[in-house]
**Q** 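Quick one: the structure is below, and I'll ask about it shortly.
What you see is a predicted model; the values in this text were computed from it and never measured.
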Amino acid sequence: MTVKQKKLFMIIVGFLVYAAAGIIKGLRIIDSRFLFLCLILIQYGGMIAFIFGINYFGTTYQYEKYPEESAQTVIDQNDERTRAIHTLAKAKAFNIITYVLILLPALLFEMKADLTGIAASGTALIVLGLSYLYFYLKYSKEM
């Protein structure tokens, strides 16, 4: 598959999936909450694929049209200082999301949300903690 075919495939399939899921959702023919949630996730997945296809189209167009500037951009992205800044930004975002995920179940409980929302937010916190533990152990062995 050529680059142009990949671009068009992502854009067309993403738009079609998004539109089909939106139409089915709009018809309200699904009564199950679980299937409705799956349909919402499929719709968002199609939207993300469509946006990713447009982004892919734009970036490859820029790389083809301006090869010298694009090469300098790649060099700048791989610079040690840029990577350190990126790593620090991720660490700060991780710290913030940890506090948000700790407070979220309590807020949902106070708002008298249903049990699935509270359980999902608690599960997200557990997944975050387990992934942190996994990567901590992995990188502590490497360094």
Side-chain angles (χ1 to χ4, degrees), residues 1-66 69-71 73-143:
M1 190 178 262
T2 66
V3 174
K4 187 173 183 178
Q5 289 173 336
K6 286 180 186 178
K7 293 177 198 177
L8 290 174
F9 180 77
M10 289 295 290
I11 291 172
I12 291 170
V13 169
F15 180 75
L16 290 176
V17 167
Y18 173 75
I23 290 169
I24 293 171
K25 218 172 75 173
L27 292 174
R28 301 187 188 277
I29 56 175
I30 297 177
D31 291 335
S32 171
R33 292 181 78 189
F34 176 73
L35 292 177
F36 192 73
L37 175 66
C38 291
L39 195 59
I40 290 171
L41 293 176
I42 290 170
Q43 185 179 16
Y44 285 157
M47 180 176 53
I48 289 170
F50 178 72
I51 292 170
F52 181 74
I54 291 175
N55 182 28
Y56 185 54
F57 187 88
T59 53
T60 54
Y61 175 77
Q62 287 294 95
Y63 287 148
E64 291 167 358
K65 188 171 181 180
Y66 306 106
E69 291 86 358
S70 300
T73 302
V74 171
I75 291 170
D76 291 342
Q77 285 177 348
N78 293 329
D79 183 37
E80 200 170 302
R81 181 175 178 271
T82 305
R83 289 193 175 260
I85 291 170
H86 187 67
T87 303
L88 286 173
K90 279 185 179 178
K92 291 292 182 183
F94 178 82
N95 290 340
I96 291 169
I97 200 67
T98 301
Y99 294 123
V100 168
L101 285 177
I102 289 172
L103 292 175
L104 188 62
L107 290 174
L108 288 173
F109 185 73
E110 286 296 319
M111 291 179 2
K112 297 188 179 6
D114 60 339
L115 186 59
T116 56
I118 296 170
S121 63
T123 304
L125 181 62
I126 292 170
V127 167
L128 180 73
L130 291 175
S131 64
Y132 173 76
L133 179 65
Y134 170 77
F135 287 114
Y136 179 80
L137 293 174
K138 178 183 174 185
Y139 292 133
S140 66
K141 290 178 184 176
E142 290 178 5
M143 296 183 171

**Q** At what distance, to the nearest 0.5 angstrom, does CG of Leu37 lie from CG of Leu41?
**A**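 The CG atom of Leu41 is 4.5 Å from CG of Leu37, to the nearest 0.5 Å.
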
**Q** Considering all heavy atoms of both residues, which atom of Ile42 and which atom of Ala21 are nearest to each other, and what is their separation?
**A**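 Smallest interatomic distance, heavy atoms only, reads CG2-CB, 4.3 Å.
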
**Q** Report all side-chain donor-acceptor pairs from residues 88-97 shorter than 3.5 Å, counting only partners two or more places apart or in another chain.
**A**
unit_1 : atom_1 : unit_2 : atom_2 : d
Asn95  : ND2    : Ala91  : O      : 3.4

**Q** Sequence neighbours left out, cut at 3.5 Å: what donor-acceptor pairs do the side chains of residues 109-133 make with other protein atoms?
**A**
unit_1 : atom_1 : unit_2 : atom_2 : d
Asp114 : OD2    : Thr116 : OG1    : 2.8
Ser121 : OG     : Gly117 : O      : 3.3
Ser121 : OG     : Ile118 : O      : 2.9
Thr123 : OG1    : Ala119 : O      : 2.6
Ser131 : OG     : Val127 : O      : 3.1
Ser131 : OG     : Leu128 : O      : 2.8

**Q** If the condition is side-chain contact (heavy atoms from CB on, under 4.5 Å), which residues does Ile24 pass it with, not counting sequence neighbours?
**A** Ile29, Ile30, Leu39

**Q** Sequence neighbours left out, what pairs pass side-chain hydrogen bond (donor to acceptor under 3.5 Å, both in side chains) with at least one residue falling in residues 27-55?
**A** Lys25-Gln43

**Q** I'd like to check the ring-ring contact (aromatic ring centres under 6.0 Å, His included) partners of Phe50; sequence neighbours left out, ordered by chain and number.
**A**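 For Phe50, the residues satisfying ring-ring contact (aromatic ring centres under 6.0 Å, His included) (neighbours in sequence not counted) are Phe15.
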
